[in-house]
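Start at 1 with the first residue, then count along the sequence.
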Amino acid sequence: MANASGFLTPTRGVLPSLCVNRSGFCSHEGISRRVFCSSTSESAAKVGVSESRVPRLVNRGCKLVGCGSAVPTLQVSNDDLAKIVETNDEWISARTGIRNRRVLTGKDSLTGLAAEAAKKALQMAEVDADDVDLILMCTSTPEDLFGSAPQIQKALGCRNNPLAYDITAACSGFILGLVSASCYIRGGGFKNVLVIGADSLSRYVDWTDRGTCILFGDAAGAVLVQACDTEEDGLFGFDLHSDGEGQRHLNATMKENETDHALGFNGSVLGFPPKRSSYSCIRMNGSEVFRFAVRVVPQSIESALGKAGLTSSNIDWLLLHQANQRILDGVSTRLEVPSERVISNLANYGNTSAASIPLALDEAVRSGKVQSGHTIAAAGFGAGLTWGSAIVRWQ
C-alpha cells in the first residue's frame, strides 16, 4: 500500500487502483491493475473534445530509459585553488575527497549545459524531442528569475510546446523531480518526462572562504522517464522530507543592496521604493550538515526500501548526492553497503548540487558499470533542509 511518501512496486502482487495525493499515491482495494488518469494528447486525437476530458483507466508504470550529462570546459584543481585561498591539495582531498571541479565561464551557460544533457538522454532513449510531454528543470541557480525550463524546451526544439517548469530544492532537487515525473505519468497520463538536474553554485560561492569554495562545481545531468506497463515499472518506492529549522545551517539568503537609498522626503513613505536585492554567498555549517546527512539519509533509504519490500542487500548500487566522501562513506557504512557498490565521481566534479546524481548515473551507465535491470538506491540531501530517496531500476 502506498502513502504520502512512497509506494510499493506493482511486481509484488496485484496493483490496486490509484489516486494521486499530495506527494505520492494512495491505494484503494477492489479494482486491480488500473490507474485513473486524465486523457493524453494521443487519446484526444482519437475522440472528441468533450470525450477527451473524461478520465480513463489505463495500466501505467514508469521507467528510466535514457540519461545524459554535460560539464563546463574549465577545470579547476585543488592546486589552482591554493593560488587564491590558503589551502592545498592534501588538505582538501583528505577532508572532502574532491580533487577537481568544473566551473562555468563566459563561454558557457547553465541552460546550454542542461540542454546538452537532455539531448543526450533523448538520444540514448531514442525518443524525439517532439514526443516529450513535460520538462522538469531541477535547479536553484536559474539564469532567469522566472525559471530556465522553458528555455530548455526552446533549445530542444519541442514543437508541441510541452509544459516546462523549474523545481527548486537544491541538492535534493533531482530526487523530487524524479518522483514528480512518476506522478505525472501514473496519475496524469504523460508518456515521456525529461528530468534535468543542473546547477552553477560557483556563481554564489565566496572564493575567499576556503570552507565552501573548495566544495562546489557546476554541471548538468538528465534522465528520460517513460510510461510503461506496470510489469515493467522501474520506480519501486520513495521517501521525501524537509525541515525548515535546519535552514540556518545551509543557506544563501536574500540581501538588500546597501548602495541604494530609499526615498524619505516630500511626503513619500520611508523605505519605498524598495532597495534592489540579490542573494548572499553560500553559508554553511559543515559539521552540522554532515551530522544531518549521515543521520537522515540512511533512515530515508531504509524507509523507501521498506515500502518497496526490499532491503539494502537487494540493491546493486548506492547512488548518493555527491557532497563529501566522508558522507558517502558514513551512509554506506550504516546501510552495510560495501564501497565497491557505491557510485562516486566526487573527486572529479565536487558538489554539483541537483546535477550530481544524474551526472554520476550517466557516467556509470556509459562506462558499463550500471546495466539493464540493476536496482539503485538514490538519495539527495541539502539546503532547506530537504532530503529524499528513491529506489529505481535502470531500464
Side-chain angles (χ1 to χ4, degrees), residues 37 40-42 60-70 111-139 148-167 173-198 219-230 232-236 238 317 319 343 354-367 370-376 378 380 390-395:
C37 70
T40 64
S41 58
E42 179 179 281
R60 186 71 66 166
C62 63
K63 60 182 180 179
L64 280 62
V65 296
C67 58
S69 62
T111 302
L113 290 181
E116 182 182 347
K119 288 176 182 177
K120 291 177 180 178
L122 290 174
Q123 290 170 356
M124 180 182 288
E126 298 182 343
V127 170
D128 189 87
D130 287 337
D131 293 324
V132 173
D133 302 308
L134 173 67
I135 300 171
L136 301 176
M137 174 69 162
C138 308
T139 184
S148 292
Q151 293 305 305
I152 308 302
Q153 174 261 318
K154 175 185 175 183
L156 293 177
C158 303
R159 291 174 293 184
N160 294 326
N161 300 112
L163 173 65
Y165 66 89
D166 287 16
I167 293 177
F174 179 77
I175 295 295
L176 271 64
L178 194 62
V179 173
S180 297
S182 75
C183 292
Y184 277 102
I185 290 172
R186 294 171 180 273
F190 287 57
K191 184 177 181 181
N192 292 303
V193 180
L194 265 173
V195 182
I196 305 166
V223 299
L224 184 71
V225 185
Q226 189 173 76
C228 63
D229 293 335
T230 52
E232 300 177 289
D233 189 27
L235 179 53
F236 301 147
F238 62 87
W317 300 103
L319 175 54
I343 296 174
S356 74
I357 292 176
L359 172 62
L361 174 64
D362 184 50
E363 289 196 341
V365 168
R366 293 179 186 274
S367 68
V370 171
Q371 299 180 6
S372 180
H374 280 183
T375 299
I376 304 168
I391 312 303
V392 301
R393 178 174 57 211
W394 175 249
Q395 297 195 54

* Find the distance between CG (Leu235) and SG (Cys183) and round it off to the nearest 0.5 Å. => 8.5 Å
* Structure fact -> Taken to the nearest 0.5 Å, the spacing of Leu122 CG from Leu224 CG works out to 6.0 Å
* Spacing of OG belonging to Ser148 relative to CD1 belonging to Ile135, to within rounding of 0.5 Å -> 12.0 Å
* To do: Kindly indicate whether the side chain of Gln151, heavy atoms from C-beta on, has any atom under 4.5 Å from the side chain of Met137.
  => no
* **Shortest non-hydrogen contact between Val225 and Cys62, atoms and distance** => CG1-CB, 3.9 Å
* Asked: Do the side chains of Phe174 and Ile167 get nearer than 4.5 Å, heavy atoms only?
  -> no
* **Heavy-atom closest contact (Ala121 atom, Leu194 atom, distance)** => CB-CD2, 4.4 Å
* Asked: Does some side-chain heavy atom of Ile343 sit less than 4.5 Å from a side-chain heavy atom of Val370?
  -> yes
* Could you tell me which non-hydrogen atom of Met124 sits nearest to which non-hydrogen atom of Cys67, and how far apart they are? => SD-N, 3.5 Å
* Asked: Which pairs count as salt bridge (charged side-chain N to carboxylate O under 4.0 Å, His left out) when at least one residue sits in residues 114-128, sequence neighbours excluded?
  -> Glu116-Lys120
* **CZ-CZ distance between Arg60 and Arg186, expressed to the nearest 0.5 angstrom** => 10.5 Å
* Which of these passes side-chain contact (heavy atoms from CB on, under 4.5 Å) with Ile357: Ile175, Leu178, Ile376? -> Ile175
* Result of checking Asp166, Val193, Ile152 against Leu136 for side-chain contact (heavy atoms from CB on, under 4.5 Å) -> Val193
* Would you check, one step at a time, whether the test side chain to side chain contact (heavy atoms under 4.5 Å, CB included) holds for Val392 with Leu319? => CA-CA 11 Å; Val392 301; Leu319 175 54; over 6 Å; no
* Check: Phe236 main-chain N/O paired with Arg393 side-chain donor or acceptor under 3.5 Å -> no
* Shortest non-hydrogen contact from Gly221 toward Ala355 -> N-CB, 4.2 Å
* To do: Quick one: closest heavy-atom pair of Val132 and Pro162, and the distance?
  => O-CB, 3.3 Å
* Asked: Under 3.5 Å, is there a donor-acceptor pair between the side chain of Asp133 and the main chain of Phe190?
  -> no
* With sequence neighbours excluded, what pairs up with Asp130 under the side chain to side chain donor-acceptor pair (under 3.5 Å) test? -> Arg159
* Could you pull out all residues at least two apart from Ala354 that satisfy side chain to side chain contact (heavy atoms under 4.5 Å, CB included)? => Cys138, Asp199
* Asked: Where is the tightest heavy-atom contact between Ala198 and Thr139, given as atom of each residue plus distance?
  -> O-OG1, 2.6 Å
